[in-house]
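Labels below follow one simple rule: chain letters A, B, ... track the order of the sequence lines, proteins then strands, and each chain is numbered from 1.
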Protein chains: 2
Amino acid sequence: MEQYQYLTFTARLKRISDSLLYGAKDLYKTLNLEIEPNWHLVFLLFKEKNTLTITEIAENIKISQPGVIKIVNKMKAKDYLKAETDKRDHRIQLLKLTTKAKKELPKLDKVWFAGEKTIKELLDNNTDIFDQLDKIENAIAESNYKDRTLIHLKNG
Amino acid sequence: MEQYQYLTFTARLKRISDSLLYGAKDLYKTLNLEIEPNWHLVFLLFKEKNTLTITEIAENIKISQPGVIKIVNKMKAKDYLKAETDKRDHRIQLLKLTTKAKKELPKLDKVWFAGEKTIKELLDNNTDIFDQLDKIENAIAESNYKDRTLIHLKNG
DNA sequence: TATATTTACATAACCAGTTATGTAAATATG
DNA sequence: CATATTTACATAACTGGTTATGTAAATATA
């Protein structure tokens, strides 16, 4: 399949991201941590702001709002997040880190820092791929896969 | 989150691959095609060999064997693949393209070719990313995310 | 040749997202 | 000020993979 670089691109991205994801799950299990992959994205946001809403989290970590609800509910269930209703707008959940979360954060930070080192290593300290991913994301935002492909089909 | 390039890398790969995946689904639906994303990987293999087994497909398209079973079962249900049992080894399914598949293939090839053009466009004709993905895959194969991260944790 | 191991495929349970849709509260509009 | 629209969150159904485990057939070994 090596000759079909473009046609295998999407599946390849999924395979790599899956491999890192399952690796992280496995790591947390080995370390007896109650966290899951990608929760660190939420924790990172709380470094800059101590109250966040579902919508804010979704916008910032670029995961859909129902996706964020699932993450937040799991984090609540493990006592890492607590919520109170906004007094001025009862639709809004004001989310905060719990005492447990704050207490565990230094330990978790160490694990994420080690994970960051791994990614650096895997990328061989070459940051070019970030620019390339930027370009891809921007190009998709401009016109997505379906629209572009329909145009190519039309133009033969 | 822009400052956390490494920590957001995995989620980013998933997001891009998801976006391309859902785009392809949407495209096929619009074109009233009964195929699904990644089936083209299987079709591509049949260009070189007219009989394949589940295991062979899994090895070549680098999807797990249960994953391939799901794809193959769906392709059978849509009458794109047929199977007969190997007479010498009754565990083995010998898979072949159906008449319908062969008949539709020229049309499908056009769609995949257009999709290939889109990926080229999104990558801005820059093939560097393929080499970078190679490196990442090789590095993971050498030592995976979990093992590497445990070492980094240990070494402080 | 009986038993242990390996192989090929099948099934179950899970995973972390997605889209589509619903509900209730807040805001904008006629 | 009543109604329409928008917003924030919730829920359902689905996606395309994954890992773990099971089963039956084939092969290797004692």
Touch class at under 4.0 angstrom, heavy-atom based, for Thr55(B) against every strand present: sugar-phosphate
Nearest-angstrom distance from the residue atom CG of Asp18(A) to P of dG17(C): 11 Å
Separation of atom CG in Asp26(B) from atom C1' in dC14(D), rounded to whole Å: 15 Å
Lys87(B), NZ atom: more than 12 neighbouring heavy atoms under 6.0 Å: no
Tyr145(A) side chain near Thr10(A) side chain, heavy-atom distance below 4.5 Å: no
dA16(C) phosphate, OP1 or OP2, under 4.0 Å from Lys25(A) side-chain N/O: yes
Rounded distance (Å) that lies between atom P of dG22(D) and atom CD of Gln65(B): 15 Å
dA25(C): pairing nucleotide in any strand, Watson-Crick or G-U under 3.5 angstrom: dT6(D)
Thr53(B) or Glu36(A), whichever maps to the more 5' nucleotide of DNA chain C: Thr53(B)
Among dC9(D), dT18(C), dA25(D), the nucleotide that comes nearest once only the side chain of Ile69(A) is considered: dC9(D)
N-O pairing of Lys29(B) and Glu34(B) below 4.0 Å: no
Sugar-phosphate only, base, or nothing, as touched by Pro66(B) at under 4.0 Å among non-hydrogen atoms: base
Validation row: Gln132(B), Asn126(A) side chains within 4.5 angstrom (heavy atoms): yes
Spacing between His40(B) atom NE2 and dG16(D) atom C1', to the nearest angstrom: 14 Å
Sugar-phosphate only, base, or nothing, as touched by Ile54(A) at under 4.0 Å among non-hydrogen atoms: sugar-phosphate
Spacing between Lys70(B) atom NZ and dT15(D) atom P, to the nearest angstrom: 11 Å
OP1 or OP2 of dA10(C) under 4.0 Å from side-chain N/O of Gln93(B): yes
Separation of dT11(C) P from Asn73(B) CG (nearest whole Å): 8 Å
Nearest to side-chain heavy atoms of Arg91(B), which nucleotide of dT18(C), dA25(C), dT7(C): dT7(C)
Protein-nucleotide distance (Leu81(B), atom CG; dC9(C), atom P), rounded to Å: 13 Å
Nucleotide nearest Leu21(A) when distance is taken to its side chain, options dG17(C), dA16(C), dA13(C): dA16(C)
Protein-nucleotide distance (Leu94(B), atom CG; dA25(D), atom C1'), rounded to Å: 15 Å
Which residue lies more 5' along DNA chain D, comparing Asp89(B) with Tyr22(B) via nearest heavy atoms: Tyr22(B)
Lys62(A) atom NZ, over 12 foreign heavy atoms within 6.0 Å: no
Ser64(A) side chain near dT18(C) phosphate (N/O to OP1/OP2, under 4.0 Å): yes
Short side-chain N/O contact to dA16(C) OP1/OP2 from Asn38(A), under 4.0 Å: no
Leu27(B) side chain reached by Leu33(B) side chain, heavy atoms, under 4.5 Å: no
Among dA8(C), dA25(C), dC9(D), the nucleotide that comes nearest once only the side chain of Ile92(B) is considered: dA8(C)
Distance test, side-chain N/O of Lys74(A) to OP1/OP2 of dA16(C), below 4.0 Å: yes
